[in-house]
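Here the structure comes first, spelled out in structure tokens, and everything after it is commentary.
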Amino acid sequence: MTAKTIRDLLPSVVGRTVIVRSDLNVPLDTGKVTDDGRIRASLPAITELADTGAKVIVLAHLGRPNGTFDPAASLGPVAERMRQLTDRPIILAKDVTGSSAQHQAEQLDNGQILVVENVRFDARETSKDDAERQALAQEIAALAGTNGAYVNDAFGAVHRKHASVYDIAALLPSYQGPLVATELNVLNRLMVEPRRPYTVVLGGSKVSDKLAVIDNLLDRADTLLIGGGMAYTFLKAQGYDVASSLLEEDQLPVVQDYLQRSADGAAKIVIPTDTVVAEAFRADAQYAVVNVDAMTSGPGGSAALGLDIGPETAKHYAAQIEASATVFWNGPMGVFEMENFAAGTRTIAQALTKVKGLSVVGGGDSAAAVRALGFHDDAYGHISTGGGASLEYLEGKTLPGIDALKNA
Ligand code: ADP
Ligand code: MG
């Protein structure tokens with residue numbers, strides 16, 4: 001069965017309490033929201049439901065408070081930002097399903113919006129015990145009274161088998177929110193009949209984080225361009241001396257197997273030909289561009305660290321990206337947080353803006369890199385809001401939060 005969307009819910013929503021699971025997990029600094037991207041993205045579904053006459057209860061997590069109340073993880077600053085962005089009196093409960101949330105939920109009028117506290121203040125949210133999660137889900141559903149509904153708009157959380165994402169959907173009529181619908185639509189275009197040439201760019205720190213994605217996309221993409229920290233495990237597998245660069249020895253056999261599959265006809269795997277090596281992992285470290293067969297000849301010698309792809313590699317990758325009809329990028333090409341090692345990531349980010357087909361950026365740090373380097377979201381076909389969830393989808397895994405909506 002396919003999931004129902006918010007479009008199916010709106011006609012019957014006047015006077016009903018709708019629980020909206022949103023992804024409001026934003027960065028905070030001394031009680032202020034420093035990047036409100038997720039709040040802005042979540043507001044359309046919330047305000048549309050309220051404007052249509054629903055009583056809206058917003059449910060979200062923030063950080064990892066480990067199942068107890070933690071003032072530093074309160075949704076207070078998020079509710080405050082929601083007030084500023086909507087000019088509405090957003091109500092904040094003091095707890096998740098306790099007396100404050102119950103009281104506020106009962107008092108709600110049509111069109112009003114209540115935010116209950118960080119759902120991870122309740123240890124049952126993330127419990128491995130089905131009965132514990134279900135008990136919390138019952139309490140959440142009870143906030144909606146007799147004729148409630150549930151909307152999951154938190155794509156960033158759909159890979160979690162949590163009470164507010166998974167168990168609740170069995171208790172209330174459940175619907176896909178617009179953010180979830182958009183993400184699935186785009187990610188499907190990377191999985192099913194992608195327009196070709198289809199190029200996947202993978203970087204980031206650890207190859208072990210990305211093995212399952214490589215595994216699944218090897219049979220779907222035409223080309224895999226490898227950069228970032230994981231490139232050195234690929235280089236090592238090809239026999240290069242990678243000095244003291246990030247290396248996952250235990251993954252060498254798996255990487256060798258991928259290279260073999262590539263040689264046998266799966267997607268072409270391309271690895272760097274030059275790299276930026278530094279004498280230390282520091283923003284002001286001495287550095288040089290070297291060919292990958294001469295990494296120990298740079299500053300630092302055998303203690304050298306490869307911290308970025310080199311300019312020749314970046315140029316070659318950019319040309320490949322620009323000539324593609326579908327591009328998925330996950331993982332920075334280097335330590336972009338340090339200016340001297342940001343050039344490779346910048347070149348790739350720039351190249352993706354020139355793609356004439358579909359360009360998708362996935363992954364928390366990759367999305368942050370694009371923004372930190374000054375590129376605009378709308379220069380890309382899509383920037384995925386759910387790092388872990390989008391990767392798990394591209395690994396071909398079933399996402400509990402998506403599955404629960406299908407069966408609801
Ligand atoms: P994403 O969140 O987009 O999936 P990752 O979390 O896998 O990306 O990786 C991001 C991190 O990888 C960044 O903090 C970046 O500094 C780091 N990184 C990239 N290249 C290297 C490298 N050569 N050595 C060490 N760390 C690297
Ligand atoms: Mg990351």
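Along the sequence shown, the residues carry numbers beginning at 1. Just follow the structure's listing: the first ligand is 1, and inside any ligand the first atom is 1.
For ligand 1, residues of the protein lying within 4.0 angstrom by heavy-atom distance are G204, S205, K210, G228, G229, Y232, G306, L307, N330, G331, P332, G334, V335, E337, G363, G364, D365, S366.
Annotation for Y317: atom OH counts as buried by contact number, over 12 foreign heavy atoms lying within 6.0 Å. Atom CG of D87 sits in a sparse spot, with 12 or fewer heavy atoms from other residues, nucleotides or ligands closer than 6.0 Å.
Residues A149 and R16 come closest through the heavy atom pair CB-NH2, 3.7 Å. Of all heavy-atom pairs spanning N118 and L62, the tightest one is ND2-O, 2.7 Å.
The count of protein N, O or S atoms under 2.8 Å from the Mg ion (ligand 2) stands at 1, with waters excluded from the count.
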Stepwise ring-ring contact (aromatic ring centres under 6.0 Å, His included) check, F341 with F336: CA-CA 6 Å; F341 313 112; F336 73 95; over 10 Å; no
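Under the ring pair (Phe, Tyr, Trp, His ring centres under 6.0 Å) criterion, F69 pairs with F121, not counting sequence neighbours.
Side-chain contact between L187 and S390 is present, with heavy atoms from C-beta onward closer than 4.5 Å.
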Under 3.5 Å donor-acceptor pairs involving side-chain atoms of residues 17-24, not counting sequence neighbours:
from : atom 1 : to   : atom 2 : distance (Å)
R21  : NE     : S164 : OG     : 2.7
R21  : NH2    : H61  : ND1    : 3.1
D23  : OD1    : N25  : N      : 3.2
D23  : OD2    : R38  : NE     : 3.3

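The backbone N or O of E248 lies less than 3.5 Å from a partner atom in the side chain of T233, making a donor-acceptor pair.
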